[in-house]
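First the structure, in the form of structure tokens, and then the observations on it.
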Protein chains: 2
Amino acid sequence: MTYEEALKKLKDTGNIISMPRMTILKYVLEHKTHHTAESIYETLKKEYPSISIATVYNTLKLFAKIGIVKQLMIDESKVYYDSNIYPHFHLKCTVCGKIYDVSPPICRELEGLKDIEGHIVNDAHVYFYGVCSDCRKNMTTGGEDT
Amino acid sequence: MTYEEALKKLKDTGNIISMPRMTILKYVLEHKTHHTAESIYETLKKEYPSISIATVYNTLKLFAKIGIVKQLMIDESKVYYDSNIYPHFHLKCTVCGKIYDVSPPICRELEGLKDIEGHIVNDAHVYFYGVCSDCRKNMTTGGEDT
DNA sequence: ATGGATGCAAATCTTTTGCACGGAA
DNA sequence: TTCCGTGCAAAAGATTTGCATCCAT
């Protein structure tokens with residue numbers, strides 16, 4: 001989604017275009033990784049010292065509600081936000097903690113599921129847990145010299 | 001998993017078999033739905049007034065670590081625990097909030113995924129969000145009489 | 001006997017909310 | 001002008017932790 005499309009969506013859903021909203025929107029669209037409200041707050045504070053953590057939380061929640069970003073519940077203790085709304089899934093490395101975008105072929109099948117056992121499906125969240133290619137490499141290297 | 005198998009797993013992983021652990025284990029194995037630490041605590045307190053909420057949290061976390069139960073991060077604010085470790089997924093109704101077990105055919109394919117784009121996959125969590133068959137029915141009924 | 005587990009309370013962490021003020025439509 | 005949004009601080013909720021005591025091995 002582009003900045004302009006997102007602004008339009010904000011307007012169309014009856015929301016005001018404010019300075020914090022523009023700033024947060026611009027930031028997440030230009031940094032398509034996985035952010036927490038806290039990390040966004042810490043980054044933006046440098047150029048926008050008056051911004052409030054509460055506004056960041058509320059804004060991200062609003063963005064999620066109107067479909068500008070997606071919430072990731074991949075971590076048991078905090079919510080991550082992803083501005084990449086193109087269908088893809090996530091893998092969290094249980095060694096280093098990094099979150100990766102992944103798009104296995106099965107992705108498309110899941111996206112197509114609209115009904116399961118009589119329930120309407122509107123959204124599917126898929127989270128993989130394992131060992132990322134980097135950590136995998138290090139494990140191998142570590143085991144060699146004994 | 002049976003009670004006996006779970007006890008064996010506790011022993012094999014070097015953990016003590018204590019009263020709270022036996023009580024919580026028995027409870028979750030006999031009630032294969034989706035519990036929070038809080039809900040288990042509230043229930044068990046009646047027959048076991050001295051049990052502590054901290055113990056419930058710690059015990060469930062231990063059970064999850066050794067594979068006796070699975071953590072569900074289907075809700076953005078709290079963790080649910082599931083003692084049904086047989087491969088299946090979950091659907092949360094965004095109308096009534098209920099969590100359902102579902103087993104679409106795609107389930108098996110996902111369980112078989114061991115490698116994605118070079119990353120090792122050890123576990124896959126799939127959460128569906130939508131409208132359950134009950135709420136779906138009520139919506140239809142509600143719309144008819146106008 | 002002895003080290004890990006429990007129970008309590010306090011602490012921590014994430015997220016939300018109340019309220020007076022300020023800014024967008 | 002008129003709400004809605006913001007910023008601050010305080011509150012709320014979930015989960016963890018410190019510590020003295022207790023209990024399983």
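Each chain gets a letter, A, B and so on, in the order the sequences are listed, and its residues count up from 1.
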inquiry  = Please tell me whether B:Asn84 and B:His34 have a donor and an acceptor in their side chains that are separated by less than 3.5 angstrom.
reply    = no
ask   = Base, sugar-phosphate, or nothing for B:Tyr41, non-hydrogen atoms under 4.0 angstrom?
value = nothing
request  = Using five base pairs at each end, measure the axis-to-axis angle across the helix from C:dA1-D:dT25 to C:dA25-D:dT1 and round it to 10 degrees.
outcome  = 40°
task = Would you please name every residue forming a side-chain contact (heavy atoms from CB on, under 4.5 Å) with B:Thr2, sequence neighbours left out?
result = B:Glu4, B:Glu5
inquiry  = Checking B:Asp123 now: which residues fulfil salt bridge (Lys or Arg N to Asp or Glu O under 4.0 Å) with it, not counting sequence neighbours?
reply    = B:Lys70
query = Other than A:Tyr86, what residues sit in its cluster of Ile, Leu, Val, Met, Phe, Trp and Tyr side chains whose heavy atoms are under 4.5 Å apart, directly or through others?
reply = none
ask   = Which side-chain hydrogen bond (donor to acceptor under 3.5 Å, both in side chains) pairs, counting each pair once, include a residue from residues 105-121 of chain A, with sequence neighbours left out?
value = A:Asp115-B:Arg136
inquiry  = Return a single string for nucleotides 9-25 of chain D, one symbol per nucleotide in 5' to 3' order, where B is base contact, S is sugar-phosphate-only contact and - is none, cutoff 4.0 angstrom on heavy atoms.
reply    = B----SBBB------SS
inquiry  = Just to verify, what does A:Glu42 make a salt bridge (Lys or Arg N to Asp or Glu O under 4.0 Å) with, not counting sequence neighbours?
reply    = A:Lys45
Show me the donor-acceptor pairs, under 3.5 Å and distance only, between side chains in residues 20-31 of chain A and residues at least two apart or in other chains.
from: A:Arg21; atom 1: NH1; to: A:Ile16; atom 2: O; distance (Å): 2.9
from: A:Thr23; atom 1: OG1; to: A:Met19; atom 2: O; distance (Å): 2.7
from: A:His31; atom 1: ND1; to: A:Tyr27; atom 2: O; distance (Å): 2.9

note = Those residues at least two apart in sequence (or on a different chain) that pass salt bridge (Lys or Arg N to Asp or Glu O under 4.0 Å) with B:Lys32 are none
ask   = Any side-chain N or O of A:Arg21 less than 4.0 Å from the OP1 or OP2 oxygen of D:dT6?
value = yes
request  = May I ask you to list the residues sharing a hydrophobic cluster with A:Leu113, side-chain cutoff 4.5 Å, ordered by chain and number?
outcome  = A:Phe89, A:Leu91, A:Tyr100, A:Val102, A:Ile106, A:Leu110, A:Ile116, A:Val121, A:Val126, A:Phe128, B:Phe89, B:Leu91, B:Tyr100, B:Val102, B:Ile106, B:Leu110, B:Leu113, B:Ile116, B:Val121, B:Val126, B:Phe128
Contacts of type salt bridge (Lys or Arg N to Asp or Glu O under 4.0 Å), residue A:Lys8, not counting sequence neighbours = A:Asp12
remark   = With a 4.0 Å cut-off (strictly under) to non-hydrogen atoms of chain B, the first and last hit nts on DNA chain C, 5' to 3', are C:dA5 to C:dA9
